[in-house]
Participant: 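Here's a structure for you.
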Amino acid sequence: MAMIEPLTSAKKKDKAVRKQKSFRLGYDFRTQLELKTMLLPAVFLIFLFDFTPLFGLLMAFKDFEPVMGVKGIFTADWNGLAHFKRLFTNFQFWPMIRNTLGINLLGAAVSIPCTLLFALLLNEIRSSRFKAVVQTVTYLPHFLSWVIFGGLFITLLNSDGIVNYMLLHLGFIDAPLQFLADPKYFWGVAIATGLLKDLGWGAILYLAAMAGVDQSLHEAAAIDGAGRFKRMLHVTIPGILPTLMVLVIFAVSGMLNNNFTQIYVLQNTLNLPASQVIDTYVYQTGLLNFQFSSATAIGLTKSVFALILLVSSNWVSNKITKTGLF
Amino acid sequence: MVGGNHAGERLFNGLTIAIMILLMIMTVYPFWFSVISSFNSGGDLLRGPVFLWPREFTFASWKAVLSDQGILYAAWITASRTVIVTAVSILYTSMFAYAFSRPYLRRKAFYITIGFISMYFSGGLIPSYMLMNWLGLYDSYWVYILPVLFGGFWNVIIFNANYKGIPEALFESAKMDGASEYRIFFQIVLPLSKPVLAALSVFTAVNIWNDYGATLYYTQSTDLQTLQYLILRLIQSNRAVENMMSMNNGTNLAVANLLNNTGGVGAVTARTIELAAMVIASLPMIILYPFAQRFFVKGVLLGSVKG
């Protein structure tokens with residue numbers, strides 16, 4: 001009896017431990033095997049392609065040289081914040097920040113009201129067929145790549161292009177404007193092409209939000225004698241405020257995220273003073289000049305600030321309008 | 001119908017329609033301009049731009065582009081990549097979203113966490129470049145496929161919102177009849193999600209077709225160039241030609257050949273080649289999008305404008 005007792009308790013304990021372990025590791029998998037296998041490919045891809053590169057951020061704090069290979073990410077010597085210090089004192093740094101913020105902020109300041117206005121007007125169109133035609137046509141540029149859309153505009157804005165041709169013949173200018181060879185026009189070109197490319201597409205969100213506005217509010221306002229303009233102002237706009245707020249949050253949090261695909265197409269050596277943005281600079285220092293550590297440092301700084309912007313703009317929006325992303 | 005003066009109402013309507021027509025012209029004209037220019041004789045274009053219709057109509061530029069081996073091969077790379085990635089990534093993403101949308105899925109918080117981290121944090125360009133090298137994907141066709149096989153958590157959110165619209169009773173009765181999760185997914189959920197499948201497939205296809213970043217960052221062989229990348233090089237060398245008045249840029253064989261073959265001023269010039277290539281490269285997407293358009297509102301907005 002005395003011999004058996006500890007044995008069974010040990011067995012019991014063993015079983016309990018095993019059960020606990022299996023609960024942690026295997027239980028979920030066994031009971032929901034099918035669901036788990038459905039999740040598996042995506043989880044694997046997220047870990048491999050989204051999470052593994054996060055180790056690479058170590059390069060920002062190290063003296064990494066491309067010849068070291070992947071192992072070098074871990075074995076290279078630490079050098080603290082030296083790359084960040086060098087970055088902030090680099091003469092190219094502040095112009096690059098100015099271009100990034102300038103193109104993004106002015107771009108948002110132009111495109112959000114324009115898109116809203118476009119959606120408001122489109123919403124007022126009675127004929128649904130005409131509305132559908134307008135929408136289909138204005139979606140077109142969204143489906144063209146920046147290489148093609150940018151390429152079209154490079155051709156149009158060329159010194160012998162159609163825009164200069166018209167301006168010359170209509171007598172607005174005496175000599176062709178160097179739209180893409182002169183830094184002072186670059187922001188304008190970037191913002192205008194950006195606006196035109198996504199105007200129709202961006203309006204989808206607003207239109208959907210407008211469709212969700214309570215129709216009885218419109219009727220009540222109409223009975224109270226509000227004309228179409230008044231109703232637009234006092235019913236439609238307040239109704240889509242949450243959507244508008246979400247788009248503003250996106251614009252603010254994406255402030256440091258220039259559209260690389262757009263800028264890179266329009267960029268050339270002549271307009272570089274106005275067209276060098278963070279993303280193109282990272283590409284240039286990293287992949288063309290092989291300064292992996294500095295390029296990673298810029299990328300990391302950008303991500304950190306972008307996250308701060310996202311969280312704080314969301315916080316402000318929650319405070320002011322009680323709506324936000326999370 | 002509505003109170004207010006009728007003249008004002010009519011003026012407003014007329015003005016709105018006028019603005020819309022103007023906008024449509026502004027949107028379509030650049031594209032139309034490149035179409036007619038690509039059909040115009042290149043030498044003739046030097047005298048000044050065409051406006052509404054080609055002055056000297058010719059297929060020469062289109063023929064030059066469509067018979068160029070480099071461009072055809074790039075089109076093949078781009079098209080095969082687009083088809084493979086769209087099919088697989090929609091399958092993986094919708095499947096992930098289905099499992100994710102089941103209320104009884106255990107450890108859901110884990111999937112939400114990794115999903116959001118993947119949306120907002122990234123290593124950035126250089127660490128990704130290192131990863132591609134490490135995995136042996138650098139300068140390989142697989143770099144066009146593997147990294148984009150999962151469509152991202154944003155698409156999962158959209159799928160998830162759409163699955164919520166399927167009545168729970170359907171799942172329960174299927175379960176009771178002993179259907180496996182896979183059977184439920186393939187025979188009930190997917191057929192009921194056609195609008196969102198169509199919409200997200202189009203978005204994925206457009207993104208992949210239009211991508212040139214992967215070529216720019218992760219490849220160097222000339223036989224891995226995508227169509228967009230080739231056109232980008234074409235545009236850049238044309239600018240270089242205009243800026244420096246030298247014809248051969250030499251860094252890119254396909255482009256250099258194409259430009260050299262058409263060096264002289266004749267029916268075909270570097271400019272018309274570029275325009276014809278741009279028009280041809282955008283045709284598949286232009287043909288595709290009107291078909292998917294009716295699904296946009298139904299499929300995508302339900303998911304994205306919840307707030």
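Per chain, numbering begins at 1; letters A, B, ... match sequence-line order.
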Participant: Does atom CZ (B:F31) have a neighbourhood of more than 12 heavy atoms from anything else shown, all under 6.0 Å?
Facilitator: yes
Participant: With a 4.5 Å limit on heavy-atom distance, are the side chains of B:F96 and A:M38 in contact?
Facilitator: no
Participant: For the residue pair B:L125 and A:F260, establish whether any side-chain heavy-atom pair is separated by less than 4.5 Å.
Facilitator: no
Participant: Any chance you could lay out the side chain to side chain contact (heavy atoms under 4.5 Å, CB included) test for A:Q32 and B:R102, step after step, and finish with the verdict?
Facilitator: CA-CA 11 Å; A:Q32 300 195 317; B:R102 301 290 74 220; over 6 Å; no
Participant: So that I know where these two stand, are A:Y283 and B:Y129 an aromatic pair - ring centroids less than 6.0 Å apart?
Facilitator: no
Participant: Does atom CZ of A:F44 have more than 12 heavy-atom neighbours from other groups under 6.0 Å away?
Facilitator: no
Participant: Does any backbone or side-chain atom of A:L140 lie under 4.5 Å from a heavy atom of chain B? Answer side chain, backbone, both or neither.
Facilitator: both
Participant: Which one of B:P30, B:P147, B:G124, B:S122 has the most heavy-atom pairs closer than 4.5 Å to chain A?
Facilitator: B:P147
Participant: Tell me, side chain or backbone of B:Y217 under 4.5 Å from chain A's heavy atoms, or both, or neither?
Facilitator: both
Participant: For chain B, which candidate among A:D50, A:L152, A:V265, A:V133 shows the most heavy-atom pairs at distances under 4.5 Å?
Facilitator: A:L152
Participant: Under a 3.5 Å distance rule, please check whether A:E34 uses its side chain to pair with a backbone N or O of B:E181 as donor and acceptor.
Facilitator: yes
Participant: Using 30° and 60° as the class limits, which term best fits the ring planes of A:W201 and B:F203: parallel, tilted or perpendicular?
Facilitator: perpendicular
Participant: Give the member of A:L54, A:I223, A:V304 that has the highest number of heavy-atom pairs under 4.5 Å with chain B.
Facilitator: A:L54
Participant: Hey, which of B:L91, B:L232, B:V28 has the most heavy atom pairs under 4.5 Å with chain A?
Facilitator: B:L232
Participant: Step through the shown structure and confirm whether more than 12 heavy atoms of other residues, nucleotides or ligands are within 6.0 Å of CE on B:M26.
Facilitator: no
Participant: Determine whether A:F49 and B:L146 satisfy the following criterion, side chain to side chain contact (heavy atoms under 4.5 Å, CB included), listing intermediate values before the conclusion.
Facilitator: CA-CA 9 Å; A:F49 289 107; B:L146 296 178; 4.0 Å; yes
Participant: Does either side chain, that of B:Y182 or that of A:T37, offer a donor lying less than 3.5 Å from an acceptor on the other one?
Facilitator: yes
Participant: Does a side-chain heavy-atom distance below 4.5 Å link B:L23 with A:V134?
Facilitator: no
Participant: Measuring heavy-atom distances to chain A, does B:I231 have an atom under 4.5 Å in its side chain, in its backbone, in both, or in neither?
Facilitator: both
Participant: Check whether B:F153 gets within reach of chain A through its side chain, its backbone, both or neither, counting any heavy atom under 4.5 Å.
Facilitator: neither
Participant: Taking the side chain as every heavy atom from C-beta outward, state whether A:V147 and B:Y229 have any atom pair closer than 4.5 Å.
Facilitator: no
Participant: Judged by atom type as modelled, is there a donor-acceptor pair below 3.5 Å linking the side chain of B:Y212 to the main-chain atoms of A:T261?
Facilitator: yes
Participant: Given that the side chain runs from C-beta out, which part of B:Y111 has a heavy atom under 4.5 Å from chain A: side chain, backbone, both or neither?
Facilitator: side chain
Participant: Supply the atom-to-atom distance A:L39 CG to B:Y92 OH, rounded to the nearest 0.5 angstrom.
Facilitator: 13.0 Å
Participant: Can you tell me which portion of B:V156 sits under 4.5 Å from chain A's heavy atoms? Options are side chain, backbone, both or neither.
Facilitator: neither
Participant: What distance do A:L144 atom CG and B:S282 atom OG have between them, rounded to the nearest 0.5 Å?
Facilitator: 5.5 Å
Participant: Just do the side chain to side chain contact (heavy atoms under 4.5 Å, CB included) check on B:I114 and A:F47 with the steps written out, would you?
Facilitator: CA-CA 8 Å; B:I114 62 166; A:F47 272 96; 4.2 Å; yes
Participant: Using only non-hydrogen atoms and a strict under-4.5 angstrom cutoff, which residues of residues 293-301 of chain A touch chain B?
Facilitator: A:A295, A:T296
Participant: Which pairs, with at least one residue in residues 281-301 of chain A and sequence neighbours excluded, count as a salt bridge (charged side-chain N to carboxylate O under 4.0 Å, His left out)?
Facilitator: none
Participant: Do B:I126 and A:L287 have side chains that get closer than 4.5 Å, going by heavy atoms?
Facilitator: yes
Participant: What's the spacing between B:F51 CZ and A:M166 CE if we round to 0.5 Å?
Facilitator: 6.5 Å
Participant: Using modelled atom types only, decide if a donor and an acceptor are shared between the side chain of A:E124 and the backbone of B:N13 within a distance under 3.5 Å.
Facilitator: no
Participant: Roughly how far, to the nearest 0.5 Å, is the CD1 atom of B:I235 from the CD1 atom of A:I154?
Facilitator: 5.5 Å
Participant: Which region of B:L137, side chain (C-beta onward) or backbone (N, CA, C, O), has a non-hydrogen atom less than 4.5 Å from a non-hydrogen atom of chain A, or is it both or neither?
Facilitator: side chain
Participant: For residues A:P141 and B:T27, determine if any side-chain heavy atom of one lies less than 4.5 Å from a side-chain heavy atom of the other.
Facilitator: yes
Participant: Closest heavy-atom contact between A:L121 and B:M20?
Facilitator: CB-CE, 3.5 Å
Participant: Heavy-atom count around B:K108 NZ within 6.0 Å, excluding the residue itself: above 12?
Facilitator: yes
Participant: Examine whether an atom of A:F292 lies under 4.5 Å from a heavy atom of chain B, and if so say whether it belongs to the side chain, the backbone or both; otherwise answer neither.
Facilitator: both
Participant: Backbone N or O of A:W146 within a donor-acceptor pair of the B:N210 side chain at under 3.5 Å?
Facilitator: no
Participant: Return the option, out of A:V282, A:L196, A:L48, with the maximum number of heavy-atom pairs under 4.5 Å with chain B.
Facilitator: A:L48
Participant: Tell me, side chain or backbone of A:F130 under 4.5 Å from chain B's heavy atoms, or both, or neither?
Facilitator: side chain
Participant: Please state whether the side chain, the backbone, both or neither of A:L122 comes within less than 4.5 Å of a heavy atom of chain B.
Facilitator: both
Participant: Taking side chain as everything from C-beta outward and backbone as N, CA, C, O, which of these in A:F153 sits under 4.5 Å from a heavy atom of chain B? Side chain, backbone, both or neither.
Facilitator: side chain
Participant: Determine, step by step, whether B:Q228 and A:S145 satisfy the side chain to side chain donor-acceptor pair (under 3.5 Å) criterion, reporting the C-alpha distance in whole Å, the side-chain angles of both residues, the deciding distance to 0.1 Å, and the verdict.
Facilitator: CA-CA 8 Å; B:Q228 305 292 333; A:S145 72; 2.5 Å; yes
Participant: Need one label for B:L131: side chain, backbone, both or neither, based on atoms under 4.5 Å from any heavy atom in chain A.
Facilitator: side chain
Participant: Please round to the nearest 0.5 Å and tell me the distance separating atom OG1 of A:T52 and atom CG of B:L135.
Facilitator: 7.5 Å
Participant: Quick check on B:Y29 against chain A: is it the side chain, the backbone, both or neither that has a heavy atom closer than 4.5 Å?
Facilitator: side chain
Participant: Given that the side chain runs from C-beta out, which part of A:L156 has a heavy atom under 4.5 Å from chain B: side chain, backbone, both or neither?
Facilitator: side chain
Participant: With respect to chain A, which residue among B:V279, B:I21, B:I286, B:L216 yields the maximal number of heavy-atom pairs within a distance under 4.5 Å?
Facilitator: B:L216
Participant: Take A:T136 and B:Y289 through the test side chain to side chain donor-acceptor pair (under 3.5 Å) and record every step on the way to the result.
Facilitator: CA-CA 9 Å; A:T136 310; B:Y289 93 90; over 6 Å; no
Participant: Report yes if the side chains of B:M130 and A:F64 come closer than 4.5 Å at any heavy-atom pair, otherwise no.
Facilitator: yes
Participant: At a heavy-atom distance under 4.5 Å, which candidate from A:G56, A:P41, A:G286 has the highest pair count against chain B?
Facilitator: A:P41
Participant: When you look at A:K36 and B:L105, which way does the side chain to side chain contact (heavy atoms under 4.5 Å, CB included) test go after all the steps?
Facilitator: CA-CA 9 Å; A:K36 299 288 154 169; B:L105 173 73; 4.3 Å; yes
Participant: Need one label for A:L307: side chain, backbone, both or neither, based on atoms under 4.5 Å from any heavy atom in chain B.
Facilitator: side chain
